[in-house]
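By convention in this document, chain letters (A, B, ...) are assigned in the order of the sequence lines, proteins followed by strands, and residues within each chain are numbered from 1. Being a predicted model, the structure only gives us computed values, none of them experimental. As a basis for the values below, the full set of heavy atoms in this structure was taken, side chains included, without hydrogen atoms, waters or symmetry mates.
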Amino acid sequence: MNGRQLQKLGVPEECVREAITAIQFAISSRTTDSKQVKAKIKEVLDAPEAFLDDDYFAKFAQAIIDDRNFVRAEPVAYETWGKSGIDQESHFQMRQACSVPVAVAGALMPDAHVGYGLPIGGVLACDNAVIPYAVGVDIACRMKLSVLDIAADAIDSQFNRFKEALEGGTRFGVGKEYQKPQAHAVMDADWSITRITREKKDRAWKQLGTSGSGNHFVEFGLLTLTERDEELNLDAGQYVALLSHSGSRGAGAAVCSTYSAIAQAALPKKYEDLGRLAWLDLESEAGQEYWAAMNLMGDYAAANHDVIHRQVSKLLGSQIIAGVENHHNFAWKETHGGKEVIVHRKGATPAAAGELGVIPGSMADPAFVVRGKGNAASLGSASHGAGRQMSRTKARDKFSWKAVKNDLEKKGVRVLSAGADEVPGAYKDIRQVMNEQADLVDIVARFDPRIVKMCDDGSKAED
DNA sequence: ATGTAC
């Protein structure tokens with residue numbers, strides 16, 4: 001039988017080669033003659049599971065099972081928050097992601113915008129599989145807020161003290177590292193779990209305590225609670241707080257690209273267009289390696305913030321009295337709808353019932369400490385920020401520091417350094433975004449930025 | 001978001 005005849009019998013194109021190999025093998029072993037071949041193929045197509053232990057047709061049967069698992073006529077339905085602010089391209093990406101054969105549920109947060117593979121602000125649950133690009137390049141990118149034992153008025157009256165703490169307590173820039181690595185227990189963890197984490201360990205060590213670039217920042221601001229929060233152990237009032245946004249730096253990016261390349265190479269031909277949505281079966285060796293490396297990057301990113309907060313608060317001469325932190329680029333094993341699934345949150349804040357998190361706005365707009373409501377349709381998630389209103393390039397064209405200076409001054413925000421593509425006007429209105437996700441999180445406290453440091457893009461924030 | 005360069 002040739003390939004065309006096999007396909008006429010119902011053998012998918014992707015499985016024709018396995019069918020021919022099986023037939024040749026069976027005939028050469030004289031267990032099947034050419035007359036029986038057609039019937040045999042039909043039997044396997046009817047119930048491939050029954051042939052998984054067959055001496056000759058097992059591989060063909062497995063190929064049929066795998067192929068059927070890949071077929072999905074319609075993308076999984078997903079709910080969208082803040083519909084009006086989300087562009088069509090993000091929806092296209094989300095539909096693509098929800099068409100991946102391992103996808104079981106999804107949701108789109110109100111700050112969603114286009115990203116690699118899954119949109120940023122995308123939540124995707126998969127069955128026993130993980131998609132490196134649905135976690136994101138900056139694995140375990142996260143927020144950390146520390147409340148300090150300093151009187152609120154000091155932030156204005158002792159500006160230089162705060163400025164020096166921010167400037168001395170971390171470093172910005174692509175590839176930025178310390179010559180003398182900072183100490184942290186995370187470097188005692190086993191980095192030899194995968195080749196890439198082993199190779200990147202020294203670099204990661206030198207990058208401990210750094211902030212990277214893009215939308216990453218460290219800032220001082222005023223945290224306002226309108227009522228006491230028992231969990232935070234803070235009374236109503238105003239506090240000085242340190243807020244940072246950073247991730248797993250070069251090491252995390254290397255883990256993402258390494259394992260997405262492995263996943264893409266393993267994609268069946270008919271799914272090659274999925275590209276950066278390539279998944280890894282969690283039972284596979286590569287899947288287990290990615291999972292272990294991703295979790296190490298989670299610990300590393302948390303340690304990175306630890307070091308930043310340790311250094312900044314030490315330079316400031318202050319103690320940390322309370323805090324909130326969370327990843328927003330990560331995947332978790334969770335139970336939804338009674339089934340264990342892998343939930344990817346890429347630029348989305350975990351918001352299970354009662355779970356605390358931090359959602360930043362922009363350099364001149366408030367961040368919010370939130371408590372999740374465990375909304376099932378969002379898979380227990382919320383936005384990770386206000387979301388961009390325009391691309392970085394467009395923002396650089398449209399805004400200059402001169403143009404935003406008044407706005408920043410009026411709001412009492414002092415920017416030590418930043419890129420013009422990060423000005424407030426490049427972002428959506430965080431208050432509107434919070435309104436759009438009022439069914440996802442409760443607001444616990446408001447953080448108003450006062451002194452901000454981001455990666456300098458060469459254009460002067462002071463001018 | 002990162003950092004390298006078939």
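Residue-level contact check: Glu177(A) touches neither bases nor backbone, having no heavy atom under 4.0 Å from any strand. Counting any heavy atom pair closer than 4.0 Å across all strands shown, Asn329(A) reaches no nucleic acid atom.
When each of Lys394(A), Arg392(A), Lys398(A) is tested with Asp421(A) by the rule side chain to side chain donor-acceptor pair (under 3.5 Å), just one qualifies, namely Arg392(A).
Atom pair Asp138(A):CG and dG3(B):P shows a separation of 10 Å (rounding to whole Å applied). In this structure, Glu199(A) places its CD atom 15 Å from P of dG3(B), rounding to the nearest Å. If you measure from atom NE2 of His216(A) to atom P of dA1(B), you get 5 Å, rounded to the nearest angstrom. The OH-P distance, from Tyr116(A) to dT2(B), rounds to 12 Å in whole Å. Per the geometry, CZ belonging to Arg203(A) stands 10 Å off C1' belonging to dT4(B), to the nearest Å. When the P atom of dT2(B) is taken as reference, atom CG of Asn215(A) falls 9 Å away, rounded to whole Å.
Between Arg345(A) and Glu334(A), at least one side-chain nitrogen of the basic residue sits less than 4.0 Å from a carboxylate oxygen of the acidic one, meeting the salt-bridge criterion. Under a 4.0 Å N-O distance rule, the pair Lys339(A)/Asp127(A) qualifies as a salt bridge.
Geometrically, Arg450(A) does not engage Phe162(A) in a cation-pi contact, judged by NZ or CZ lying under 6.0 Å from the ring centre and within 45° of the ring axis.
In terms of position along DNA chain B, the nucleotide closest to Val137(A) lies nearer the 5' end than the nucleotide closest to the other residue of the pair Lys200(A) and Val137(A).
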